[in-house]
> 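Sending over a structure as structure tokens; questions will come in a sec.
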2 protein chains.
Amino acid sequence: MKTILLDFIAKYITLTEDEKNEIASLDIFRSVKKGTTLLKEGQKSKESYFILKGCIRTYYVVDSEEKTTAFYTEMEAFTPPCVINKTASEYYISCVEDSLITVSNADMELELNSRFPKFETMCRMLSEELLAKQRVDFDEFKTSSPEQRYLNLLQKRPDLIQRVPQHQLASYLGIKPQSLSRLRGRILEKIS
Amino acid sequence: MKTILLDFIAKYITLTEDEKNEIASLDIFRSVKKGTTLLKEGQKSKESYFILKGCIRTYYVVDSEEKTTAFYTEMEAFTPPCVINKTASEYYISCVEDSLITVSNADMELELNSRFPKFETMCRMLSEELLAKQRVDFDEFKTSSPEQRYLNLLQKRPDLIQRVPQHQLASYLGIKPQSLSRLRGRILEKIS
DNA sequence: ATAACTCGTTCACTTAAGTTAAGAAATACG
DNA sequence: CGTATTTCTTAACTTAAGTGAACGAGTTAT
């Protein structure tokens, strides 16, 4: 189970056995139930997350309506903007499914970064990679219609369409649930 | 002039005089004319950019139509996704105005990172910060209408509306130039 | 077991963006 | 200087998303 995290790290740097043991012995592994809220709007936080198993969602509440902006699943890591900016969170984080995650602390990372330059190298590489990936996602979103976005999602993350409620998917695609229903109907008609 | 870059770096780390001199003596400062294309679709590149003065635009060409996805202006840095992913570029980079920029190389950065841990710390902090900022931008884009996006841009980057052609702004906002014209008319009517 | 609620879908209607075309205004260029 | 080109706006029409309401299916609570 803890090997999932070590496998992830191995994509960026090579750890000694001692270092692996140190990582594995950290008290960062958490099991969270579906529906659990990990962070609320207005709260301050220093926590970063890595998903071993399950699905985590971030959403804003605008005019008492949820606006889902991201889903994180297996082998994905993220740090909320409020942790980087040291501001109160503008969004909520909650569990879509029973999940197994790691929860690490900014202070802990700071210490690891200064103790192990290797660790900082990994953080830099990971941030650069995520920045590039998110840039491409953003560009694709901007340059395509809701229907294209849905078809794109169907290609790239088909699992999401199965494991996530439609109304959350809709807002993730930037539209209303009714529009997603209609749009799916339209696509089915085209095929037949 | 080179102090602009040093001021930017100073936001993240503290350099010695020797280090400052070394940075200032690097052959990375370039003056580029309006309209110059820095990178084309299909090309490979290892170059990162920092804008001292001017404005740089990234755009895709889809069905022989330009889709502008970003503008970079004074004191902004960016590395194209193709450099990180080591793939051919999917977009173009071009100069909106006569600009003064730095062009650095991935190999050069790798060397600096290993010679000066401080430099890698800066890269990590910068990537983390840009990742958080871009996340917020993406979320705002997703959760708002074209009209809200325009008003938001008017607040956050009023200079862009002056210095960039409308049709490029429109595609940056995810709409057609005609829609931007109409939308601006609608806003003016509301005010009066 | 039934009532309350959530979720997804459908429908009719409204609103805004896309499309096509035309013309005015600004800019570039020979 | 005048012509060509690009840029911006306007208008009429089409298409798709937003809105409000209603319905059935499935779930939760009492």
> Check each of A/Arg163, A/Glu97, A/Lys53 against A/Thr73 using the side chain to side chain contact (heavy atoms under 4.5 Å, CB included) test, and report the only one that passes.
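Running side chain to side chain contact (heavy atoms under 4.5 Å, CB included) over A/Arg163, A/Glu97, A/Lys53 with A/Thr73 returns exactly one hit, A/Arg163.
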> A/Gln166 has an atom CD; how far is it from atom C1' of D/dG26, in whole Å?
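After rounding, the reported distance stands at 15 Å.
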> At a heavy-atom distance below 4.0 Å, which nucleotide of DNA chain C is the first touched by chain A, and which is the last?
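First-to-last contact on DNA chain C, by the 4.0 Å heavy-atom rule, is C/dC7 to C/dT10.
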> Could you state the atom-to-atom distance from CG of A/Leu173 to P of D/dG18 in whole Å?
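Answer to the nearest Å: 11 Å.
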> B/Arg184 side chain: which of D/dT19, D/dA12, D/dT9 is closest?
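Selected nucleotide (nearest to the side chain): D/dT9.
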> Over 60° means perpendicular and under 30° means parallel, so tell me whether A/Tyr72 and A/Phe78 are parallel, tilted or perpendicular.
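Ring orientation, 0 to 90° scale: parallel.
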> Rounded to the nearest Å, what distance is computed from the CD atom of residue B/Gln178 to the P atom of nucleotide D/dC13?
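Nearest whole value for this atom pair: 17 Å.
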> In whole angstroms, how far is the C1' atom of D/dG20 from the CD atom of A/Glu65?
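It works out to 13 Å between those atoms.
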> Just the rounded figure in Å: distance from C1' of D/dT7 to CG of B/Leu169.
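After rounding, the gap between these two atoms is 13 Å.
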> Return the nearest nucleotide to the side chain of A/Leu183; candidates are D/dA17, D/dT10, D/dG18.
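Between D/dA17, D/dT10, D/dG18, the one nearest the side chain of A/Leu183 would be D/dA17.
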> Kindly assign one of parallel, tilted or perpendicular to the pair A/Tyr92 and A/Tyr59, based on the angle between their ring planes and the thresholds 30° and 60°.
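It falls in the parallel class, under 30°.
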> Assess the residue pair B/Glu120 and A/Thr121 against the criterion (side chain to side chain donor-acceptor pair (under 3.5 Å)); give the C-alpha distance rounded to whole Å, side-chain angles, the decisive distance to 0.1 Å, and a yes or no.
CA-CA 7 Å; B/Glu120 175 145 55; A/Thr121 298; 2.8 Å; yes
> Do B/Glu65 and B/Lys176 sit within salt-bridge range, that is, some charged N less than 4.0 Å from a carboxylate O?
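Salt bridge: yes.
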> Looking only at the side chain of B/His167 (C-beta and beyond, no hydrogens), which of the listed nucleotides D/dA21, D/dT9, D/dC8 gets closest?
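Selected nucleotide: D/dC8.
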> Using a 3.5 Å distance criterion without hydrogens, assess whether the side chain of B/Ser99 forms a donor-acceptor pair with backbone atoms of B/Cys55.
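Side chain of B/Ser99 to backbone of B/Cys55: a pair is present.
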> Assuming nearest nucleotide by heavy-atom distance, tell me which of B/Gln168 and A/Ser145 is located more 5' along DNA chain D.
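Residue closer to the 5' terminus by nearest nucleotide: B/Gln168.
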